[in-house]
Amino acid sequence: MMKWFKSKRQKKGISNDGVSTDPVIITRSEHGVSRKNIDEPALKVLYRLHKSGYQACLVGGAVRDLLLGRHPKDFDVATDATPEQVSKLFRNCRLIGRRFRLAHIHFGRHIIEVATFRAPHGELHEEHHDESGRVLRDNVYGEIHDDVWRRDFTANALYYNIADFSIIDYVGGFEDIANKRLRLIGDQETRYREDPVRMLRAIRFASKLDFSIDDSCKQAILEMGSLLGDIPSSRLFEEVLKLFHSGHAEESFYTLQEYDLLKYLFPDAVKELHDKTTSEFIRLAMQSTDDRVKLDKPVTPAFLFAALLWAPVRKQTEANVEAGMHYAVALQKAATKLVSSQVQHVSIPKRFTTTMRDIWALQSRFRNHSGRRAYSVLHHPKFRAAYDFLCLRANAGETDLDDCRWWTELQEHNPEQQNKIISAPKHGPRTRSNKPKHSNKPKRDEGGNR
Ligand code: ATP
Ligand code: MG
C-alpha cells in the first residue's frame, strides 16, 4: 500500500486550523460504504486510474451521501493524475475549465468528473486571491492532504480510496456526519471570503441533510452575507436552482430567511414578505415545487421566480394603473422593471423571464370564462403553469377559489365538451355587474382594475 495511506486509525499532528497532517483511516469494515451503491461508470473510472498506478478516490458529496444511506446525485473522483494524464486513459474524456481544469468522462448521459488534487491557497498564495480574498486561480496541483483544503465542509472532505476501500479523513468529517453537523474547514472568515457562495452551500446542506450549523458559523454568515453581492449573478442563479430544485425548497427558503441571506438574492421580494398572504403564497409555491421534485415531475425556475416577484409586480402594476395606464400595459411595465432589478442580483435566462411574464399576464385572463378569450387561455402554451399559479394564489387567500375551481372542472372534460362549455351563453363574460352566483368572496385580484 502507498505510504500516504496509513492503514491504522490514528490522528496526530493537528494543525492550528483543525486539519490533521495525518489522516484518520476508516477501514472497510468500519464504515457502511459499499461498492454496490456506487454507479458502474464511477467504479470504472476509479479502477482504471488505480490500475494505471494513480491514486483514485471517490470524494465530496458522494462519500457523504453514501455514508448517510442516500443515493448520490453525482460521483466525483479525485486523483493525483493531471487532467492531461486522465485524458490519455479515457477515450470518452473531455477537459473543461480554465480557472479550474477538470476532466469529464462521458458515459452516455452520465458524466464522471475527475479533479486532480489541488495545492492549498492561503496567506502563502496571495497571488491567487483578489483584494476581498476571493480565489482567482486554482490550478496548482498538490497531494491529497493539500486537496482537503479546497473542500468546504468537513462532511464534504472525505475520500473513499479504491485501493483498499477505506475512507480517508483529515478533518473529522466522519464524526461530523455521524453527528449531523456541518462544519466549515479552517478559519470561517477566510473561507467565506475566498468563496462567499459557501454561505449558500451551508444553507443548502443544512436544509437538505437536516444538519445543524453551529452558532459561530451562523454568526459569520450573518456578518458576511453582503459578500454575495460580489458574486456574478449567473453563478447565483445556478446556486439558487440547487437550493430550490433539490426537493428542499421550503426548508431552504426558511433557512435563507433565518440567516438573513434572502435580501441579497431577492431584495424586491423580501420587502413584501411581511404580508401574511404573500409569505403563505411563496411557502405554497416552494412546497409544490418540493412535491413535484419528489414525484419526479418537471419543474421550471420560471414558476418560482414568478412566485417570488409576484407581490412586487402586483404592487407596481397597481401604481401604474393608478397613474392612468391600461391594466395590460401596467403589468408589462411592472414586469420589465422588476425583472431588470432582479437580474442584477440573481440572473434569470431570457427563456424563463418570458414564461414568467406569460404566467403573470394570464392571471387576470382567467376571469374570462367564455368565448374566444377563454379558449385562448385554455390553449395558451403556459396554461398549465399559470393555472397552477392561480390555484396557489387562491389557496393562499389572495384571490377567490371559484376561478380556480372553474378551470379545474373545465379540464376534467374532453376537448369537445370544453368547447361547448366555453361557448355556452350561461358562462357569458363576467363583468362587475355579472358575477357568477357562487362567487361569495370579494375579488381582490388585479383583474378588477381593468
Ligand atoms: P451535491 O449532493 O449537491 O452534489 P456536493 O457536496 O457533491 O453536493 P458539489 O457542488 O457537487 O457538491 O461539489 C463537489 C465537492 O466539491 C463538494 O463536496 C466539496 O468538497 C467541493 N466543493 C464544491 N464547491 C465548493 C466550494 N464552493 N468551496 C469549496 N469546496 C467546494
Ligand atoms: Mg456533487
Side-chain angles (χ1 to χ4, degrees), residues 17 19 37-39 41-42 57-79 96-97 99-100 102-104 110-122 128-129 133-138 144-160 167-174 176-177 182-211 217 221 224 227-228 230-232 235-236 238-249 251-252 293:
D17 297 299
V19 175
N37 297 323
I38 302 174
D39 284 359
C57 299
L58 203 59
V59 67
V63 184
R64 176 199 71 212
D65 288 349
L66 288 168
L67 283 170
L68 289 167
R70 294 163 161 260
H71 186 75
K73 200 167 79 211
D74 42 43
F75 291 87
D76 296 331
V77 169
T79 179
I96 59 146
R99 198 199 107 183
F100 198 106
L102 291 168
H104 272 182
H110 296 278
I111 294 176
I112 302 297
E113 190 168 284
V114 182
T116 307
F117 297 141
R118 296 302 201 270
H121 26 65
H128 297 150
H129 294 75
R134 217 148 34 105
V135 178
L136 296 177
R137 194 156 67 79
D138 211 0
I144 188 167
H145 61 261
D146 300 316
D147 190 77
V148 176
W149 271 105
R150 75 172 188 84
R151 309 279 155 192
D152 45 8
F153 302 97
T154 60
N156 289 346
L158 297 175
Y159 298 77
Y160 173 79
I167 288 176
I168 305 161
D169 181 4
Y170 284 88
V171 290
F174 191 74
D176 284 342
I177 289 177
L182 201 64
R183 208 158 48 84
L184 200 62
I185 300 168
D187 173 61
Q188 303 199 52
E189 188 175 336
T190 314
R191 300 308 311 284
Y192 283 139
R193 275 191 190 284
E194 270 178 4
D195 183 6
V197 168
R198 287 173 187 151
M199 292 186 265
L200 295 179
R201 290 174 59 84
I203 306 301
R204 178 154 72 88
F205 294 127
S207 307
K208 166 174 149 171
L209 307 169
D210 198 21
F211 273 31
C217 180
I221 294 178
M224 300 172 76
L227 291 175
L228 287 175
D230 300 335
I231 303 298
R235 183 163 178 222
L236 290 183
E238 295 302 325
E239 215 47 47
V240 163
L241 282 201
K242 288 187 195 165
L243 276 160
F244 292 158
H245 279 182
S246 310
H248 306 273
E251 184 65 31
S252 300
V293 171

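What you see below is based on every heavy atom in this structure, not just the backbone, and it leaves out hydrogens, waters and symmetry mates. Indexing begins at 1, ligand by ligand and atom by atom, following the structure's order.
- Listed by number with element, the atoms of ligand 1 under 4.0 Å from a non-hydrogen atom of Phe205 are 6 (O), 8 (O).
- Within the listing of ligand 1, atoms 1 (P), 2 (O), 3 (O) sit less than 4.0 angstrom from a heavy atom of Lys208.
- A heavy-atom distance below 4.5 Å is found between the side chains of Ile144 and Tyr170.
- The nearest heavy-atom contact from the protein to atom 12 (O) of ligand 1 is Arg201 NH2, 3.3 Å.
- Phe153 and Phe205 have perpendicular rings, their planes meeting at more than 60° on a 0 to 90° scale where under 30° would count as parallel.
- Every atom of ligand 1 with a heavy atom of Gly60 under 4.0 Å away is listed here by number and element: 18 (O).
- Two residues are said to be in side-chain contact when any heavy atoms from C-beta on lie closer than 4.5 Å; Phe211 and Asp176 fail this criterion.
- Distance check: Glu189 CD to Leu227 CG gives 8.5 Å after rounding to the nearest 0.5 Å.
- Side-chain contact between Leu66 and Pro72 is present, with heavy atoms from C-beta onward closer than 4.5 Å.
- Atom 19 (C) of ligand 1 has its closest protein heavy atom at Asp152 OD1, 3.5 Å.
- Metal site remark for the Mg ion (ligand 2): Asp76 contributes no N, O or S atom at a distance under 2.8 Å.
- Under 4.0 Å from ligand 1, not a single heavy atom of Val197 appears.
- Looking from atom 1 (P) of ligand 1 to the surrounding protein, the closest heavy atom is Lys73 NZ, 3.3 Å.
- Nearest non-hydrogen protein atom to atom 27 (N) of ligand 1 is Asp195 OD2, 2.7 Å.
- What sits closest to atom 16 (O) of ligand 1 on the protein, heavy atoms only, is Arg151 NH1, 3.4 Å.
- The distance from the CE atom of Met199 to the CD atom of Glu239 is 11.5 Å, given to the nearest 0.5 Å.
- In this structure, the protein non-hydrogen atom closest to atom 3 (O) of ligand 1 is Arg204 NH1, 2.6 Å.
- One distance of note links CD1 of Ile177 with CG of Leu209; it measures 8.5 Å at 0.5 Å rounding.
- Given atom 14 (C) of ligand 1, the protein heavy atom at minimum distance is Asp76 OD2, 3.4 Å.
- Remark: ligand 1 atoms within the under-4.0 Å shell around heavy atoms of Gly61 are 5 (P), 6 (O), 7 (O), 18 (O).
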Walk me through it: do Glu194 and Arg191 pass the test salt bridge (Lys or Arg N to Asp or Glu O under 4.0 Å)?
CA-CA 5 Å; Glu194 270 178 4; Arg191 300 308 311 284; 3.0 Å; yes

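- Remark: ligand 1 and Arg191 share no N or O pair separated by less than 3.5 Å (distance only, no angle test).
- Qualifying side chain to side chain contact (heavy atoms under 4.5 Å, CB included) partners for Ala78, counting only residues two or more places apart in sequence or in other chains: Val59, Phe117, Arg151, Tyr159.
- Note on Asp74: its N/O/S atom closest to the Mg ion (ligand 2) is OD1.
- Of the protein's non-hydrogen atoms, the one nearest atom 30 (N) of ligand 1 is Arg150 O, 3.0 Å.
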Show your working on salt bridge (Lys or Arg N to Asp or Glu O under 4.0 Å) between Asp152 and Arg198 and close with a plain yes or no.
CA-CA 7 Å; Asp152 45 8; Arg198 287 173 187 151; 5.4 Å; no

